[in-house]
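Heads up: the structure comes next, in structure tokens.
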Protein chains: 2
Amino acid sequence: MKQDLRVIKTQESLRHALLILIKEKPLDSITVAELCRLANINRGTFYLHYKDVHGVFKHYLEVIVKDLRKSYEEPYYKTNFKIENIKPDMIKIFHHVKNYQEFYQIIFDQHIPMMYYYLLFDTVRSFMKETIDRMNQERMKNVQVDYLVSYQTNAILGILIEWHQNEYSTSIDELNQQLILILSINSPFRKGIQ
Amino acid sequence: MKQDLRVIKTQESLRHALLILIKEKPLDSITVAELCRLANINRGTFYLHYKDVHGVFKHYLEVIVKDLRKSYEEPYYKTNFKIENIKPDMIKIFHHVKNYQEFYQIIFDQHIPMMYYYLLFDTVRSFMKETIDRMNQERMKNVQVDYLVSYQTNAILGILIEWHQNEYSTSIDELNQQLILILSINSPFRKGIQ
DNA sequence: AAAAATATTGAACATGTGTTCAATAAAAAT
DNA sequence: ATTTTTATTGAACACATGTTCAATATTTTT
């Protein structure tokens, strides 16, 4: 049996309507009722598919996060397991965020639930974990990897928060440079020491 | 002119009622209406003081954050500007979070708005900034301090997120040890290098 | 103690929420 | 093409939201 056409149509209408509304007003001021009015969907039908407006928005974040994952999986120097590759990985994140800036402006907003932050966190964390697992260095014995990975991941997100708070005024080039500087004074991912 | 007694009474009633309700059910399921019923406050009066239920809860986070700030300002080896003091500072945060665990379980919840996270972020960030400003090291030239500080701050919050996600099962001692290990492999705050 | 100032109340209103249900429409299966 | 399945609809429900306003109660000022 195939996926019911009516379901697809309903969900697409709602998503399309949300896309229009978030260009007009803050996400947290959009009601289920007005979304349904615009989408020409019965409000009862809405609740058959989503719990609330965030349920509809989450679909977009999932698309966005999938794109980030895809860009991470691009084979650049994947054969080369050198630790310094953390930089190009993280720099990809900056391009990604800039690319979807309209959405990230929403995601990092004061009034928006933590769930979106956590979705981004989990995604970046999985990259970070892969990188750190590959290292498996002597000086990391005794460290619980989960804490190290979350520490590193959230550090990167800290840069994104700062970027958000200065309204994305820093250029990507400058941001890259800052990251490299920070990592160079402050990272297990550099050579020359230890 | 003094602060009106009626205002104090109203706000205290509401805060007291909220304290009761958050022990029974998730914060985001508490309505203005039921809070007012329990507090014996007219719903119209509520809106003279707060915008929503989060407005009431925020008061508690402000108290909590004030306590964190106070604990930070305790003079331990404040005369000694050594960089390694970052550790005791951050370790204080762990004690603080454990102390107010019931609240932080709410603050880090999926459904709760980012505002509480940012309030914590800003507080920890101000400690971190002080520490980093004091360092002013050669290898930090060219770094925009704002990015470095946000990076370091959010890294610490990353440990708290991890702690939250494993339901605070890691002991404070173990957490301290993990932090020291992470900082020792991964920090500008250690001696011996540079 | 009386007067002035102001916070709280109750009632009302339009709108939103989340749920239920039988009737209907649309799609999938035969 | 007909039958079977199921998604959507409209109507209704109790309750929540956010606002307004005149009446009342409480506090502060004099």
Side-chain angles (χ1 to χ4, degrees), chain A residues 1-60 62 106 109-116, chain B residues 1-60 62 106 109-116:
Chain A
M1 61 190 100
K2 34 199 282 204
Q3 156 83 297
D4 197 306
L5 286 177
R6 290 168 295 185
V7 173
I8 295 169
K9 223 181 77 184
T10 297
Q11 296 188 352
E12 274 180 357
S13 296
L14 286 169
R15 289 199 294 261
H16 178 247
L18 184 61
L19 217 47
I20 292 169
L21 285 176
I22 56 178
K23 279 170 191 162
E24 283 173 16
K25 44 151 68 187
L27 177 59
D28 65 311
S29 74
I30 297 170
T31 67
V32 172
E34 73 180 319
L35 189 58
C36 291
R37 272 196 301 273
L38 184 59
N40 277 306
I41 298 296
N42 187 280
R43 209 161 50 78
T45 309
F46 177 95
Y47 289 108
L48 295 173
H49 297 281
Y50 302 104
K51 201 173 72 58
D52 51 28
V53 175
H54 287 300
V56 186
F57 184 78
K58 193 158 40 165
H59 174 263
Y60 285 112
E62 274 156 8
I106 295 170
D109 184 272
Q110 286 265 351
H111 304 96
I112 262 50
M114 295 282 287
M115 55 182 293
Y116 303 120
Chain B
M1 61 194 100
K2 34 197 286 202
Q3 157 84 296
D4 198 305
L5 288 176
R6 290 167 294 186
V7 172
I8 295 170
K9 223 181 76 183
T10 297
Q11 296 189 352
E12 274 180 358
S13 297
L14 287 169
R15 289 198 295 261
H16 178 247
L18 184 62
L19 217 46
I20 291 170
L21 286 176
I22 56 178
K23 280 169 190 162
E24 283 173 16
K25 43 152 65 187
L27 178 60
D28 64 311
S29 75
I30 297 170
T31 66
V32 172
E34 72 179 321
L35 189 58
C36 291
R37 272 195 301 273
L38 183 59
N40 277 306
I41 298 296
N42 187 279
R43 209 159 50 78
T45 308
F46 177 94
Y47 289 108
L48 295 173
H49 298 280
Y50 301 105
K51 204 174 69 60
D52 51 29
V53 175
H54 287 299
V56 186
F57 184 77
K58 193 159 39 163
H59 174 263
Y60 285 111
E62 273 155 10
I106 295 170
D109 184 272
Q110 287 265 351
H111 304 97
I112 262 47
M114 296 281 286
M115 54 180 293
Y116 303 120

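So that the names make sense, note that chain A is the first sequence line, chain B the second, and so on, each numbered from 1.
Looking at Val56(A) and Phe46(A), their side chains come closer than 4.5 Å, going by heavy atoms from C-beta outward.
Between the base of dG16(C) and the side chain of Arg43(A) there is no donor-acceptor pair shorter than 3.5 Å.
Rounding to whole angstrom units, CD1 of residue Ile8(A) and P of dA26(C) are separated by 17 Å. Rounded to an integer number of Å, the gap from Ile41(B) CD1 to dT26(D) C1' is 13 Å. Note: CG (Leu5(B)) to P (dT8(C)) measures 11 Å, nearest angstrom. Protein atom CD of Glu34(B) is 13 Å distant from nucleotide atom P of dC15(D), rounded to whole Å. One interatomic measurement links the two molecules: CD of Glu12(B) to C1' of dA7(C), which rounds to 16 Å at whole-angstrom precision. Distance NE2 (His54(B)) to P (dG18(D)): 11 Å, rounded to an integer number of Å. Regarding Asn42(A), its CG atom lies at a distance of 10 Å from the P atom of dA11(D), rounded to whole Å. For Arg37(B) and dA16(D), the CZ to C1' distance is 9 Å, given to the nearest whole Å.
Across dT27(D), dT9(C), dT8(D), the shortest atom-to-atom separation from the side chain of Leu48(A) is found for dT8(D). Comparing dG18(C), dT17(D), dA7(D) by their nearest atom to the side chain of Val7(A) picks out dA7(D). Side-chain atoms of Arg6(B) lie closest to dA7(C) of the nucleotides dA7(C), dT28(D), dA7(D).
Checked against a 6.0 Å centroid threshold, the rings of Tyr50(B) and His59(B) do not count as neighbours.
Using a cut-off of 4.0 Å between Lys/Arg side-chain N and Asp/Glu carboxylate O, Glu34(A) and Lys25(A) are scored as salt-bridged.
Taking for each of Asp4(B) and Ala33(B) the nucleotide of DNA chain D with the nearest heavy atom, the 5'-most of the two is the partner of Ala33(B). Nearest-nucleotide positions on DNA chain C for Tyr47(A) and Thr45(B) put Thr45(B) closer to the 5' end.
For His49(B), the NE2 atom sits in a packed shell: over 12 heavy atoms of surrounding residues, nucleotides or ligands are nearer than 6.0 Å.
Among the heavy atoms of the strands lying under 4.0 Å from Thr31(A) are primed sugar atoms or P, OP1, OP2 only; no base atom is included.
A close approach under 4.0 Å does not occur between any side-chain nitrogen or oxygen of His49(B) and OP1 or OP2 of dA7(C).
At a cut-off of 3.5 Å, with distance as the only test, no side-chain donor of His54(B) or Asp52(B) sits close to an acceptor on the other residue.
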